[in-house]
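Down below is the structure, laid out as structure tokens.
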2 protein chains.
Amino acid sequence: MDILMQSLRIGINDKLYIKDPESSKLGKKIVEESILLIEEVGFESFTFKKLGVRIKSNESSIYRYFENKHKLLLYLSSWYWGWVEYRMVFATNGISNPKEKLQKAIAILTQKVEEDNAFTHINEVVLHKIIINEYSKSYLVKEVSQENKEGYFVVFKRLVGRLSQMITAVDADYPYPLSLASTLLEGSLHQYFLQEHFPTLTNCNTSVNPTEFFTDMIFRTLNLNLND
Amino acid sequence: MDILMQSLRIGINDKLYIKDPESSKLGKKIVEESILLIEEVGFESFTFKKLGVRIKSNESSIYRYFENKHKLLLYLSSWYWGWVEYRMVFATNGISNPKEKLQKAIAILTQKVEEDNAFTHINEVVLHKIIINEYSKSYLVKEVSQENKEGYFVVFKRLVGRLSQMITAVDADYPYPLSLASTLLEGSLHQYFLQEHFPTLTNCNTSVNPTEFFTDMIFRTLNLNLND
DNA sequence: GCTAATATAATAGTATTACTATCGTTATTC
DNA sequence: GAATAACGATAGTAATACTATTATATTAGC
């Protein structure tokens with residue numbers, strides 16, 4: 001990413017934190033290291049106490065930024081989807097041909113994540129792994145409807161909406177653009193998971209990637225031809 | 001289901017329990033009521049202590065059947081997928097036309113679940129809800145590879161394999177049968193979830209169901225026509 | 001119907017988690 | 001240089017996720 005973007009910020013619902021972690025050194029450290037620690041030990045075993053030890057700070061200080069680890073996960077997820085949305089909009093912006101535009105969007109949304117130096121304290125590659133393994137846990141909770149009302153999932157919802165519109169732009173008569181869009185986003189994470197842990201349940205591997213599978217699936221579903 | 005099936009049992013990996021819950025009244029009660037309690041309070045808030053109170057039995061007695069609630073969830077999931085597999089095999093058994101066979105399989109796998117009186121102590125409708133909300137949590141854990149080696153997911157894997165074969169039977173040249181099969185199973189649960197909690201992210205509702213969406217998607221992907 | 005074996009209930013206890021509260025110390029700002 | 005905000009240290013609580021032990025039922029075999 002360009003040096004021009006150095007001061008870019010991803011907008012996140014301010015109910016997800018008590019004190020904005022972007023506003024201090026400690027806050028950034030909490031975000032940065034929580035990503036690494038969650039990836040290392042898994043979300044279930046992750047605690048603020050352990051994170052405190054790791055960043056040589058106090059448990060109670062972390063609680064001043066985030067109410068609990070669930071909110072932290074929602075924060076990280078919002079950041080991730082905001083970042084993906086930004087890259088998708090940026091990459092598809094100049095494309096006028098709807099088919100090309102959709103193809104580019106699918107690529108961005110299903111690609112393996114590479115490092116992005118525009119955001120120095122966040123390791124996007126590791127964050128992608130967390131999203132693959134933990135994102136579902138942020139919404140598969142009893143409180144989901146209330147949290148949805150609070151706007152904790154707006155970024156993700158906007159992204160599905162955008163993709164859905166691109167599908168409709170290509171084929172206005174296709175009856176399930178939203179379901180296809182949500183299936184792509186969720187399914188892409190799932191295929192990455194399977195590739196790592198259940199290779200017998202997927203055709204994705206070192207030579208075939210989720211982008212190829214989903215591009216093929218969506219293009220066939222919309223009766224488009226890749227090569228014209 | 002038929003009265004003939006009254007004594008049917010779903011085969012489950014015996015490492016998932018300490019004492020077979022099918023072998024006693026208390027064991028069956030544990031399974032029966034755990035389904036209802038998990039659905040009521042969600043998996044995170046569910047504890048063996050609460051279950052003990054509910055079934056007027058002791059926490060420690062439940063621990064004699066299941067090591068912990070994670071194993072219980074794996075047990076319930078295996079039961080569910082075994083039950084689905086059984087119904088799928090049963091329903092598609094006599095069909096020789098591969099296209100018809102696939103269509104029937106998709107229907108069974110994506111349908112809304114109705115009560116099945118063959119298994120008196122298990123409420124399949126509620127169990128389906130649990131699978132929608134909690135199944136991911138059974139495999140999105142750090143120990144997944146080890147648990148996979150122990151065979152905790154064989155039933156689900158066999159089901160994906162069967163569906164994949166049916167896809168290949170219809171189109172031997174389709175390059176992603178496994179990914180399409182796993183996307184269908186996972187995606188179907190996801191669409192049900194969205195329908196309930198994020199209606200703006202799906203086209204499934206009271207008049208359109210996941211079966212229609214997925215049948216359409218898979219048939220288009222495989223270049224099949226529904227009506228011939 | 002009695003005995004032995006097994007299953008279950010009751011109770012107690014431990015380490016860890018997920019916090020909350022308080023207070024002293026260190027930075028920052030005005 | 002004083003005021004204010006941020007942070008660290010410590011303590012404490014209720015709940016969780018168990019394990020262990022012992023007492024009491026239940027059942028099975030004879």
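Lettering follows sequence order; numbering is per chain, from 1.
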Holding to side chain to side chain contact (heavy atoms under 4.5 Å, CB included), I want the full list of residues that pass it with Thr200(A), two or more places apart in sequence or in another chain.
Lys157(B)
Is there a side-chain contact between Asn205(A) and Pro199(A) in this structure, where contact means two heavy atoms from C-beta onward sitting under 4.5 Å apart?
no
Considering only heavy atoms, which members of residues 19-31 of chain B lie under 4.0 Å from some atom of DNA chain D?
none
Provide the full list of ring-ring contact (aromatic ring centres under 6.0 Å, His included) pairs with a residue in residues 34-57 of chain A, sequence neighbours left out, each pair given once.
Phe48(A)-Tyr63(A)
Residues pairing under side-chain hydrogen bond (donor to acceptor under 3.5 Å, both in side chains) where one sits in residues 125-135 of chain A, two or more places apart or in two chains, turn out to be Glu134(A)-Lys137(A)
Can you tell me if Ser179(B) uses its side chain to pair, donor with acceptor, with the backbone of Asn203(A) under 3.5 Å?
yes
List in chain and number order the residues that pass side chain to side chain contact (heavy atoms under 4.5 Å, CB included) with Glu143(A), two or more places apart in sequence or in another chain; answer none if no residue qualifies.
Val141(A), Glu147(A)
Name the first nucleotide and the last nucleotide along DNA chain D (5' to 3') that come under 4.0 Å of a heavy atom in chain B.
dT16(D) to dA20(D)
Do Ile132(A) and Tyr192(A) have side-chain heavy atoms sitting under 4.5 Å apart?
yes
To check you understand the geometry: which heavy-atom pair defines the closest contact between Arg54(B) and Leu37(B), and what is its length?
NH1-CD1, 3.8 Å
Taking side chain to side chain contact (heavy atoms under 4.5 Å, CB included) as the test, write out the residues that go with Val89(A), two or more places apart.
Glu85(A), Arg162(A)
Return the set of residues passing side chain to side chain contact (heavy atoms under 4.5 Å, CB included) with Ser57(B) (not counting sequence neighbours), or none when no residue passes.
Leu26(B), Ile55(B), Ser61(B)
Of all of residues 57-75 of chain A, which get a heavy atom below 4.0 angstrom from DNA chain C, listed by number?
Glu59(A), Ser60(A), Tyr63(A), Glu67(A), Asn68(A), Lys69(A)
Measuring from atom CD1 of Ile30(B) to atom CG of Leu72(B), what distance do you get when rounded to the nearest 0.5 angstrom?
8.5 Å
When you compare the side chain of Ile18(B) with that of Phe66(B), does any pair of heavy atoms fall below 4.5 Å?
no
Taking the side chain as every heavy atom from C-beta outward, state whether Leu109(A) and Ile106(A) have any atom pair closer than 4.5 Å.
no
Side chain to side chain, Leu184(A) and Leu163(A), heavy atoms closer than 4.5 Å
yes
Per the under-4.0 Å heavy-atom filter, residues of residues 34-48 of chain A near DNA chain C come out as Thr47(A)
Pair Lys28(A) + Glu32(A): basic N to acidic O under 4.0 Å:
no
Considering only heavy atoms of chain A and a distance under 4.0 Å, specify the first and last nucleotide of DNA chain C in 5' to 3' order that meet this criterion.
dT17(C) to dA21(C)
So if I take residues 138-147 of chain A and measure heavy-atom distances to DNA chain C, which residues fall below 4.0 Å?
none
Test of ring centre spacing under 6.0 Å for Tyr65(B) and Tyr17(B)
no
Any non-hydrogen side-chain atom of Ser188(A) less than 4.5 Å from a side-chain atom of Phe214(A)?
yes
